[in-house]
Structure formats: structure tokens, C-alpha cells
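Right, one structure below, let's go through it.
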Number of protein chains: 2
Amino acid sequence: MSLRHAILGLLAGGPASGYELTKQFDLSLANVWSARHSQIYPELQKMAAAGWVVVGEEGARGRKEYEITAVGRAELERWLTSPLPERTQRNELLLRVFFLWTLREEDAERFLVDAAARAREIHARLDALDVAIPWDDTRSDLMGRLVLEQGLRVATAIADWADWAAEQISAGHDALHLTDRSPTQL
Amino acid sequence: MSLRHAILGLLAGGPASGYELTKQFDLSLANVWSARHSQIYPELQKMAAAGWVVVGEEGARGRKEYEITAVGRAELERWLTSPLPERTQRNELLLRVFFLWTLREEDAERFLVDAAARAREIHARLDALDVAIPWDDTRSDLMGRLVLEQGLRVATAIADWADWAAEQISAGHDALHLTDRSPTQL
DNA sequence: TCTAGCATGTAAACAGTTACATGATTGC
DNA sequence: GCAATCATGTAACTGTTTACATGCTAGA
């Protein structure tokens, strides 16, 4: 599970309350990982029980500030240097593309044209973010820029692919007559 | 939820048992969606209760063959033509990159070099798949090729990004001295 | 005969989302 | 006084993984 490590990573940047962590998931981490407060609060309790974090200052309105411990830092490092799990990442866009043969050609093509538009929207949103953020030359901001750059590159790749894919489909419909289906194995 | 729609899509290609569907998730759909038999069997029961599929032939060893119904086909079409949900897709690679500033520079760089190698492995695996599959000119195989092509393009984009990112990190360490961190907002 | 693969299921645990629930404080 | 927002939690439900559990059949 990565949620606890995401929290650990955020706390490595300084102590924070569950409320503040929730906001960081909605802002900083929005494009990379998401978590609701209803998941964060219980997780912080488990992490405290495991000794990865401790409650430091308790402020107004029941505010509890969590700090990362030495054990927590060690766990964060262990996680960062352990091999990435190679589980299949689910991709609903591609799942749908796989079954696009069941639609009429024009609907399949529209799907891909929409997908291209969506990818370009995401690119534009990330571009705007990049401009809006007052990046400095800290190492943490460098990493933020690296993350954003991957977002931009992948969005571009997907937009270009979707354009190309839409063409492949329309190329089929005025040239040869393709049959409806046959069992496939990707 | 997409699992039931993935199953619907597979059954649109012809009737199949839970066992056969499980194999299709492991083979055809491996790069796009995953599901275990322990999720598939109960899901088929729910789909049958909803009238999306029916049990047709029952064969040896308790084999039950499921067929998609007209209701199921309508639901598949509805799903394919409905807007893609825009939930944050979790990305553990980028999550880790975000916290790479907590590592020593050489470890952060190694992380990215490894990420580039991983992306190239994935690319090679997909390339091999492409060659191994006896594609025909059906519409379903066309869609399979589109899916595979996106995999190749995204893998390339990530490999190139990771090379570039590793350079950005090593560029930092012999030039200016970056401070350790400061609050960031991506 | 025995092994591999066919074939189906359930249970427990974990992860994540949505909804419910409550109360304090700051600033207008 | 009231609204916004700070602040924390729990419960119910859905989705996913891992482990448990069982039995049949074809072929070597």
C-alpha cells in the first residue's frame, strides 16, 4: 500500500495535521495520488501505532500535528529504494478501446476524437499549473517539476496516439470492408 | 466499476465460462485490466441476476457457459458511449519521484535510471507481443493493435522522460548546491 | 495411477469511496 | 449572529487480493 508512504513523504517535509495532509493530497499530489480525509485520519492512527509518526503539538479545535519519527524516515527510505511492484495498472480508456469494435464505426471514431481532446485538456491544465507555481531551486521543487514534465509528455503521447487511432478507424471504413470480429489475443 | 463491463465486452465476442474469462484477463487484457477468478465468478452471478448475461450450455466438470443478453449488449453500448470518469489515476512511480528529494542524490538518480530501464523492458515486451500475435484484419484485431500502439508510445515517452529526469538530477549535483527542501505545491 | 490442467466457488483481509456526524473558531 | 472554513472522526459499502477449499477429467 502506498497511502501510508505518501503520508510519510509529506511528513518528511515537516509536521502536519490530518486536515493539512488532506489538502496536500487535493493540491500537490492531485495528479499522482488521491486520498480522502476519511482514509487519512484512520491511517495516521495506524501509523502512530506502528511508531512511524508521533503526535506533537495539539492545537485549537482538536488539531493534532503529526511528526515523522526516525523509524518512519527509515521506512520511507526503504520504500523509495525497494523495487516498484509490477502490478497491472488498470486503464479504463484502453479497456474501452479494446471493445470499440462493438460500436458503429462513427461512434468508435468519435470516442477516439474525444479521447484526443481530453488528453489535450489535461496537457493544458498541467501547463497552466507549471506557469502558476512559483518554482524555486530546492530539490523538492526539482522533483515536482520532473513529475509535471512526465505528465506533459504522456499527455502529448496519448493525444497524438488518439489522433492516429481515429485515422486508423476512418481509414478502414472507406477502404476494405472489415468483418465484424474473431477471437483475439492481445 | 469497470470489471462487469470488461466481462460484458469479452462476452460480446462470444460465450465463455468463468474459467475462460479468467484466462482472457491474464492474456488479452493483461496490459489493460486485471481480475482474479475469485472476483470473476461472483461478478458473473450478479450479472446474471441483473439480466446482463445468462447461463447457456453447462458442460463437463461443472462448466457453465455465459452468454451476453440484449440487455447486456445495451449496457455495454451505454458504457462505451458514456463520458470517461475523470478520477485521479494513482501512479506509484510518480508518487515516489515526488519524494526523491529525501534520498541522497546518487540514489535518486539510480531510481530514475532504473525507471528508464523498466520502461524499455515494457516496450520490448509489447514489441514482442506485437510480433507474436497473428493479427488479422477484423475490427476487433484493429482495436487490439490500437491498444498495443498506445502502450508502445507511452512506454517510449516514459523511458525518454526518465533519461532526461536522471540528467536533471545529476546536472544539479556538480553545478549549484541546492538546499535540502522547502514546502512545495505541484 | 498419477499429474496437470479444467472448473467453480467462498472467506478474510485490505483499500478506497461516499455518506453521516459533530463541533470550534475566525472574520464579516 | 452567521457563514466559511478549520478540524476530526465513524459507518456502510464497493472493489480487489490472497488464501482456503473442492472435485473432475484427459492423457502420459
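Note that this is a predicted model, so its numbers are computed, not measured. Letters A, B, ... are given to chains in the order of the sequence lines, protein chains preceding strands, and every chain is numbered from 1.
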| request: Apply side chain to side chain donor-acceptor pair (under 3.5 Å) to B:W33 and list each qualifying residue two or more places apart in sequence or on a separate chain. | output: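 B:W33: no side chain to side chain donor-acceptor pair (under 3.5 Å) contacts found.
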Quick check on DNA chain D: between A:P42 and A:T88, whose nearest nucleotide comes earlier from the 5' end?
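Its nearest nucleotide lies further toward 5', so the answer is A:P42.
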message: I need the residues from residues 43-57 of chain B with at least one non-hydrogen atom less than 4.0 Å from DNA chain C; give them sorted by number, or say none.
response: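 Only B:Q45 qualify.
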* **Nucleotides bounding contact with chain A, strand DNA chain D, heavy-atom threshold 4.0 Å** =>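 Extent of the interface on DNA chain D: D:dT5 to D:dT17.
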Between [atom2] of [N] and [atom1] of [X], the distance in whole Å:
X: B:Y19; N: C:dA4; atom1: OH; atom2: P; result: 13 Å
X: B:Q39; N: C:dA11; atom1: CD; atom2: C1'; result: 15 Å
X: B:R63; N: C:dT8; atom1: CZ; atom2: P; result: 7 Å
X: B:K64; N: C:dC6; atom1: NZ; atom2: C1'; result: 15 Å
X: A:I40; N: C:dT18; atom1: CD1; atom2: P; result: 14 Å

Judged by atom type as modelled, is there a donor-acceptor pair below 3.5 Å linking the side chain of [X] to the main-chain atoms of [Y]?
X: B:R63; Y: B:E58; value: no
X: A:S17; Y: A:E65; value: no
X: B:S34; Y: A:T88; value: no
X: B:R145; Y: B:S140; value: no
X: B:W135; Y: B:D130; value: yes

Check: With under 30° as parallel and over 60° as perpendicular, where do the rings of A:W79 and A:H5 fit, or are they tilted in between?
Finding: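 Answer is parallel, since the angle falls under 30°.
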Pick the nucleotide of DNA chain C nearest each of A:R61 and B:K23; which residue has the one closer to the 5' end?
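By nearest-heavy-atom nucleotide position, the 5'-most residue is B:K23.
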>> Nearest heavy atom decides the nucleotide; on that basis, is B:S38 or A:S2 closer to the 5' end of DNA chain C?
In response: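 Counting from the 5' end, the first nearest nucleotide belongs to B:S38.
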(message) Quick check: any donor-acceptor pair below 3.5 Å linking the side-chain of B:S17 to the base of C:dT8?
(response)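 In this structure, the two groups form no donor-acceptor pair.
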query = What distance do B:L146 atom CG and A:L100 atom CG have between them, rounded to the nearest 0.5 Å?
reply =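 B:L146 atom CG to A:L100 atom CG measures 8.0 Å (nearest 0.5 Å).
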Stacked cation flag B:R73 on B:W52, 6.0 angstrom / 45 deg:
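So B:R73 doesn't make the cation-pi contact.
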| message | Classify A:R90 by what it touches in the nucleic acid, base, sugar-phosphate, or nothing, heavy-atom distance under 4.0 Å. | response |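 Here A:R90 touches the backbone only, sparing every base.
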Please determine if a side-chain N or O atom of A:R36 lies less than 4.0 Å away from the OP1 or OP2 oxygen of C:dA19.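 Checking A:R36 against C:dA19: no side-chain N or O falls below 4.0 Å of OP1 or OP2.
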